[in-house]
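Input: a single structure, listed below in structure tokens.
Side chains included, hydrogens not; waters and symmetry mates left out as well; all remaining heavy atoms used.
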Amino acid sequence: MTATATASRAGERSATGSGPAPGPRRRLRTRISGTTIAGFPTWAFVLFFFIVPLALVLWYSFGYKPDLFSAHANDKLSFDRYGEALDATFLGTFVNTLRIGLIGTAICLVIGVPFAYWLAVKLRPQYRALALALVLVPFWTNFLVRTLGWQIVLSPQGFLSDALQGLGIIHGNLDVLYTQAAVQLGVVYNYLPLMILPLYVAMDRAGQSLREASADLGANRVRTFLQVTLPLAAPGIASGCLLVFIPLMGDYVTASVLGGAQGNMVGQLVASQFNTAQNWALGSAMAVLLMLFIAAAVVVVGGAALLIRFLVRRSRRVVLTKGAGA
């Protein structure tokens, strides 16, 4: 009877067309195949616009400039270009770039946190779309055009200089253009939206219910913000800092337009090796070193932030003893 029942069930499966259930390996292959097909555009973009250019830069960094009229050659591979890149000029410019990057990221964070909090919590929902559109308005124009606009604003003969002189705040022409202060102002303006957007998303996801619960438990607005909203927005803070710091460190347009000789950044050195000196090997070595230094800075700052977070959580830990429970 058992054989007859088994044959009958097999016949029913054949008649219905269901067939035997696929095994785990087949299901895994089907899942991987579907994922690969669906993610092909993303992988193609990463391959052709990130991995391949990065590999070319790394390959060029081991070459050299053979003569005055050639940009590079790789028939002799060596690390000599890295030694040439690590000179006093590069290191001094990198320190200046790191200072501008850290200060710019900190200023963007200080401005972005209260603005994103106001946008996510205080502003009426019907006006949030308009406010977000205003935040994104600078991205509707070219990066270079935006920076050139600040060159006009900060010009010694510009309207800002005339207005400050008319108010008696300054007694001469505005002397800010082609300084590090102008570069600092320019990078904050150009990268501030990249800080505001992830902060807004993180604070909006925190939810009004948790803030109301904190208020019901007796916490004031400041304590609720510091102990509820801000910790829940930590992923947005980390994302915003990375989105601002990493491209800022490689920026050379802002420094070239607003900084002049006093606001040099590493991006200018790399660009000059490719465009002016036609030394692709040395420029590639500088680019690789810049990426390594940026990664090291991100790791150090991220490790310090995790350590501070661990110490704060440890200080707030509540230990229940048997005596307290009784």
Side-chain angles (χ1 to χ4, degrees), residues 22-63 70-75 77 79 81-82 85 97 101 105 132-133 135-147 187 190-202 205 235-254 265-275 278-299 302:
R25 291 185 178 181
R26 183 178 177 183
R27 289 197 300 267
L28 180 60
R29 285 196 300 268
T30 303
R31 185 179 303 175
I32 293 176
S33 177
T35 304
T36 304
I37 295 174
F40 176 76
T42 302
W43 286 111
F45 181 87
V46 172
L47 176 63
F48 291 107
F49 294 98
F50 179 74
I51 297 178
V52 172
L54 185 61
L56 287 176
V57 170
L58 185 62
W59 170 251
Y60 287 158
S61 67
F62 297 120
S70 301
H72 72 92
N74 283 84
D75 55 331
L77 304 181
F79 290 93
R81 304 296 81 75
Y82 289 94
T97 304
T105 304
L132 287 174
V135 171
L136 294 175
V137 161
F139 288 101
W140 295 359
T141 57
N142 183 269
F143 188 94
L144 178 59
V145 173
R146 300 200 308 266
T147 310
V187 296
N190 284 324
Y191 295 104
L192 181 59
L194 298 179
M195 179 68 75
I196 293 176
L197 293 179
L199 285 174
Y200 164 74
V201 173
R205 289 181 177 178
I237 294 175
S239 301
C241 290
L242 290 177
L243 287 174
V244 171
F245 178 76
I246 293 177
L248 194 158
M249 288 290 291
D251 183 12
Y252 73 95
V253 173
T254 306
M265 296 179 67
V266 176
Q268 289 176 286
L269 293 181
V270 176
S272 65
Q273 293 298 326
F274 279 94
N275 298 328
Q278 290 294 304
N279 192 343
W280 292 10
L282 183 57
S284 299
M286 289 181 176
V288 172
L289 289 175
L290 177 61
M291 289 186 285
L292 292 177
F293 287 155
I294 291 175
V298 170
V299 170

* Test Leu77 against Trp59 for side chain to side chain contact (heavy atoms under 4.5 Å, CB included), laying out the working first. => CA-CA 9 Å; Leu77 304 181; Trp59 170 251; 3.8 Å; yes
* Asked: In Å and rounded to the nearest 0.5 Å, what is the CG to SG distance from Leu248 to Cys241?
  -> 11.5 Å
* Asked: Is there side-chain contact between Ile294 and Phe245, with at least one heavy-atom pair below 4.5 Å?
  -> yes
* To do: Report the distance from atom CG of Leu192 to atom CG of Leu197, rounding to the nearest 0.5 Å.
  => 9.5 Å
* Could you grab the distance from atom OG1 of Thr147 to atom CG of Asp251, nearest 0.5 Å is fine? => 7.0 Å
* Structure fact -> Residues passing the ring pair (Phe, Tyr, Trp, His ring centres under 6.0 Å) test with Phe139, sequence neighbours excluded, are none
* Expected output: side-chain Arg146 to main-chain Thr141 donor-acceptor under 3.5 Å -> yes
* Asked: If every non-hydrogen atom of Ser284 is compared with every non-hydrogen atom of Phe274, which pair is closest and at what distance?
  -> OG-CZ, 3.5 Å
* So, does Asn190 use its side chain to make a donor-acceptor pair with the main chain of Phe143 at under 3.5 Å? -> no
* **Reported CD1-to-CG distance for the pair Ile196 and Leu243, which is rounded to 0.5 angstrom** => 12.5 Å
* Check whether any side-chain heavy atom of Phe293 lies under 4.5 Å from a side-chain heavy atom of Thr97, and answer yes or no. => no
* Is there a donor-acceptor contact under 3.5 Å from the side chain of Gln273 to the main chain of Val270? -> no
* Asked: CZ/Arg81 to CE/Met286 distance, rounded to the nearest 0.5 angstrom?
  -> 11.0 Å
* Asked: Can you name the residues that form a side-chain hydrogen bond (donor to acceptor under 3.5 Å, both in side chains) with Tyr252, not counting sequence neighbours?
  -> none
* Please name all residues satisfying side-chain hydrogen bond (donor to acceptor under 3.5 Å, both in side chains) with Ser61, sequence neighbours left out, ordered by chain then number. => Tyr82
* So how far is it from Ile51 CD1 to Trp43 CH2, rounded to the nearest 0.5 Å? -> 7.5 Å
* Asked: With sequence neighbours left out, what residues match Asp75 under side-chain hydrogen bond (donor to acceptor under 3.5 Å, both in side chains)?
  -> Tyr64
* **Partners passing side-chain hydrogen bond (donor to acceptor under 3.5 Å, both in side chains) against Ser70 (at least two apart in sequence or in another chain)** => Asp67
* Asked: By ring pair (Phe, Tyr, Trp, His ring centres under 6.0 Å), which residues pair with Phe49, not counting sequence neighbours?
  -> Phe45
* Distance-minimising heavy-atom pair for Val57 and Ala287 -> CG1-CB, 4.2 Å
* Asked: Do Val135 and Tyr200 have side chains that get closer than 4.5 Å, going by heavy atoms?
  -> no
